[in-house]
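Below you'll find the structure, written out as structure tokens, and then a few comments.
Note that the structure is a prediction, hence the values are computed from the model and not measured. Numbers here simply count residues along the sequence, with the first being 1.
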Amino acid sequence: MIPGPFNYHRPTTVAEASRLLSTLGNEARPLAGGHSLIPMMKLRLATPEHLVDLQGIEGLRGIRREDSRIVVGAMTTQHDLLASSEIAESLPILHETALLIADPQVRYRGTIGGNVANGDPGNDMPALMMTLGAIYRLEGPTGTREVPAAEFYQGVYLTALEPGEILTSVSIPVPAAGHGYAYEKLKRKVGDYATAAAAVVLTMADGKVVSCAIGLTNLSEKPLLAKEAAQSVIGASLDEVTLKKAATAAQAIMSPAADARGPVEYRKHVGGVMVVRALQRAAGRTA
Ligand SMILES: Cc1cc2nc3c(=O)[nH]c(=O)nc-3n(C[C@H](O)[C@H](O)[C@H](O)COP(=O)(O)OP(=O)(O)OC[C@H]3O[C@@H](n4cnc5c(N)ncnc54)[C@H](O)[C@@H]3O)c2cc1C
């Protein structure tokens with residue numbers, strides 16, 4: 001299939017892009033790497049009349065350190081994330097997750113902004129951003145605002161983005177030195193979206209968990225923070241009973257769709273397995 005007809009716009013500033021999106025209305029969509037939007041257009045699941053390409057806007061791409069946070073511009077590609085020594089050192093879980101997205105061809109074009117703004121529960125970055133406590137910067141016709149990743153997702157392809165707003169950057173607090181981390185993703189084959197995935201960031205002292213956050217990908221119509229599961233391991237060593245308790249608490253909030261990746265019960269089961277594996281691997285990485 002080829003996409004239906006559309007008008008192409010290439011603004012050079014965020015203000016111009018936002019103005020275009022506001023003026024052109026619901027039939028206009030931002031275009032970033034195009035690796036979610038263009039396939040949707042080819043399948044005629046999306047039929048925007050106007051594409052507002054963000055590639056020509058200077059300053060939207062790049063990774064910089066701001067005190068105890070890493071700020072990633074929306075048009076930074078997944079390949080850029082993988083090539084960054086700052087990310088590898090300060091946010092190794094972001095490096096690990098980017099490497100599990102699709103294949104090198106997709107990662108050369110696909111952007112962090114597109115991945116988190118898309119609203120597809122199959123995208124890997126949203127649950128990770130919630131786990132890390134990231135904040136999204138949105139710029140639109142009425143100004144700029146910051147929205148925590150944990151409050152951004154409302155449903156399938158439904159986010160907190162208002163008409164005319166563009167996500168311009170993602171600001172991520174650097175986790176504590178010596179933290180453990182893991183992104184565990186079950187997929188049917190290399191390059192596939194997750195059947196189930198779990199992100200874990202934790203700290204430990206004297207063999208016990210001091211802090212923990214757990215995120216879940218593709219196990220509901222939106223990415224999830226498994227707060228009770230994370231709470232259940234605090235103060236405990238990650239023995240078999242504790243791991244089982246955490247998996248059960250995480251499974252209680254999962255509501256995956258039955259699809260080509262398996263029936264609901266299977267996906268919840270492997271969701272629990274991903275939580276256990278991620279906790280174990282994260283604990284093994286603490287220093
Ligand atoms: C074969 C294949 C396999 C894939 N596998 C995975 C996978 O395993 N995991 C995964 O996470 N992803 C996967 N993807 C998707 C890929 O990571 C996409 O690149 C990503 O989801 C979207 O980023 P993009 O830059 O391509 O955005 P686009 O496709 O250009 O845009 C996606 C959506 O976000 C909106 N948008 C884009 N940028 C902004 C912005 N700055 N502000 C506001 N709205 C914006 C667009 O209007 C559109 O609605 C796969 C894609 C392909 C083709």
Side-chain angles (χ1 to χ4, degrees), residues 91-94 96-97 100 115-116 119-136 147-156 158-160 172-173 175-176 179-187 193-204 208-257 261-262 264-286:
L91 282 168
I93 193 170
L94 181 51
E96 177 161 290
T97 306
L100 290 170
N115 199 295
V116 299
D120 182 334
N123 281 134
D124 290 292
M125 290 294 173
L128 174 61
M129 291 302 140
M130 289 166 68
T131 307
L132 287 166
I135 291 175
Y136 300 160
V147 177
E151 293 168 20
F152 185 74
Y153 299 97
Q154 299 171 350
V156 182
L158 267 183
T159 69
I172 309 163
H179 74 281
Y181 65 91
Y183 191 71
E184 283 286 343
K185 176 174 175 178
L186 179 73
K187 46 190 177 175
Y193 288 87
T195 299
V200 167
V201 174
L202 53 68
T203 56
M204 295 186 79
K208 297 203 166 136
V209 178
V210 174
S211 68
C212 180
I214 303 174
L216 304 171
T217 296
N218 225 5
L219 288 162
S220 169
E221 62 174 22
K222 55 183 186 173
L224 297 172
L225 258 190
K227 289 184 188 162
E228 277 189 30
Q231 193 57 39
S232 75
V233 301
I234 306 281
S237 60
L238 289 177
D239 56 24
E240 216 173 300
V241 175
T242 307
L243 289 169
K244 174 94 182 107
K245 223 159 71 176
T248 306
Q251 282 166 327
I253 61 164
M254 296 175 191
S255 53
R261 291 181 177 81
V264 171
E265 280 314 309
Y266 168 75
R267 293 186 64 185
K268 284 175 80 161
H269 173 74
V270 293
V273 174
M274 293 303 106
V275 169
V276 169
R277 286 188 190 168
L279 282 167
Q280 284 177 315
R281 206 149 58 85
R285 281 168 159 172
T286 52

Query raised in the report: Which atom pair, heavy atoms only, marks the closest approach of Cys212 to Val209?
Result: CB-CG1, 3.9 Å

Requested in this report: Report the distance from atom CZ of Arg285 to atom CD of Gln280, rounding to the nearest 0.5 Å.
Outcome: 13.0 Å

Report summary line: What one should report as the nearest heavy-atom pair of Ala127 and Pro223 is N-CB, 3.8 Å

Query - Arg281, CZ atom: more than 12 neighbouring heavy atoms under 6.0 Å - result: yes

Report summary line: Note: Pro121 and Val156 closest approach over all heavy atoms is CD-CG1, 4.2 Å

Query raised in the report: Heavy-atom distance under 4.5 Å between the side chains of Val116 and Thr159, does that happen here?
Result: no

**Report entry** side chain to side chain contact (heavy atoms under 4.5 Å, CB included) between Leu279 and Val233, worked out
**Finding:** CA-CA 9 Å; Leu279 282 167; Val233 301; 4.3 Å; yes

Query raised in the report: How long is the span from the NZ atom in Lys268 to the CG atom in Leu219, to the nearest 0.5 Å?
Result: 10.0 Å

**Report entry** Leu186 and Arg261, any side-chain heavy atoms less than 4.5 Å apart
**Finding:** no

Query - Flag side-chain contact, heavy atom, 4.5 Å: Tyr136 against Met129 - result: yes

**Report entry** Straight-line distance of Met204 CE to Leu238 CG, nearest 0.5 Å
**Finding:** 4.5 Å

**Report entry** Exercise: identify the closest heavy-atom pair between Tyr193 and Gly122
**Finding:** CD2-O, 3.4 Å

Report task. Determine, stepwise, if the pair Val275 / Val200 fulfils side chain to side chain contact (heavy atoms under 4.5 Å, CB included). Result -> CA-CA 8 Å; Val275 169; Val200 167; 5.7 Å; no

**Report entry** More than 12 heavy atoms from other groups under 6.0 Å of CD on Gln154
**Finding:** yes

Query raised in the report: Just by distance, with hydrogens left out, do Thr195 and Tyr266 show a side-chain donor and acceptor under 3.5 Å apart?
Result: no

Requested in this report: Taking atom CD of Gln251 as the centre, report whether more than 12 heavy atoms of other residues, nucleotides or ligands fall under 6.0 Å from it.
Outcome: yes

Query raised in the report: Going by heavy atoms in the side chains, are Met274 and Thr217 under 4.5 Å from each other?
Result: no

Query raised in the report: Quick one: are Ser255 and Val264 in side-chain contact, heavy atoms under 4.5 Å?
Result: no

Query raised in the report: If you take all heavy atoms of Pro126 and Asn115, which pair is closest and at what distance?
Result: CD-OD1, 3.5 Å

Query raised in the report: OG1/Thr131 to OH/Tyr183 distance, rounded to the nearest 0.5 angstrom?
Result: 8.5 Å

Query - Straight-line distance of Asn123 CG to Thr97 OG1, nearest 0.5 Å - result: 12.5 Å

Query raised in the report: So does Lys227 have more than 12 non-hydrogen atoms from other groups sitting under 6.0 Å from NZ?
Result: no

Query raised in the report: Taking the side chain as C-beta and beyond, is there a heavy-atom pair between Pro92 and His179 under 4.5 Å?
Result: yes

**Report entry** Spacing of Gln231 atom CD and Ile214 atom CD1 [to the nearest 0.5 Å]
**Finding:** 10.5 Å

Query raised in the report: Are the side chain of Lys185 and the backbone N or O of Leu100 linked by a donor-acceptor pair below 3.5 Å?
Result: yes

Requested in this report: Under the side chain to side chain contact (heavy atoms under 4.5 Å, CB included) rule, what do Tyr181 and Leu94 come out as? Steps first, then yes or no, please.
Outcome: CA-CA 10 Å; Tyr181 65 91; Leu94 181 51; over 6 Å; no

Query raised in the report: Considering all heavy atoms of both residues, which atom of Ala182 and which atom of Ala278 are nearest to each other, and what is their separation?
Result: CB-O, 3.5 Å

Query raised in the report: Any donor and acceptor pair, going by atom type alone, linking the side chain of Thr203 with main-chain N or O of Ser211 inside 3.5 Å?
Result: yes

Requested in this report: Kindly indicate whether the side chain of Glu151, heavy atoms from C-beta on, has any atom under 4.5 Å from the side chain of Ile135.
Outcome: no

Report task. Report yes if some heavy atom in the side chain of Pro256 is under 4.5 Å from a heavy atom in the side chain of Asn218; otherwise report no. Result -> no

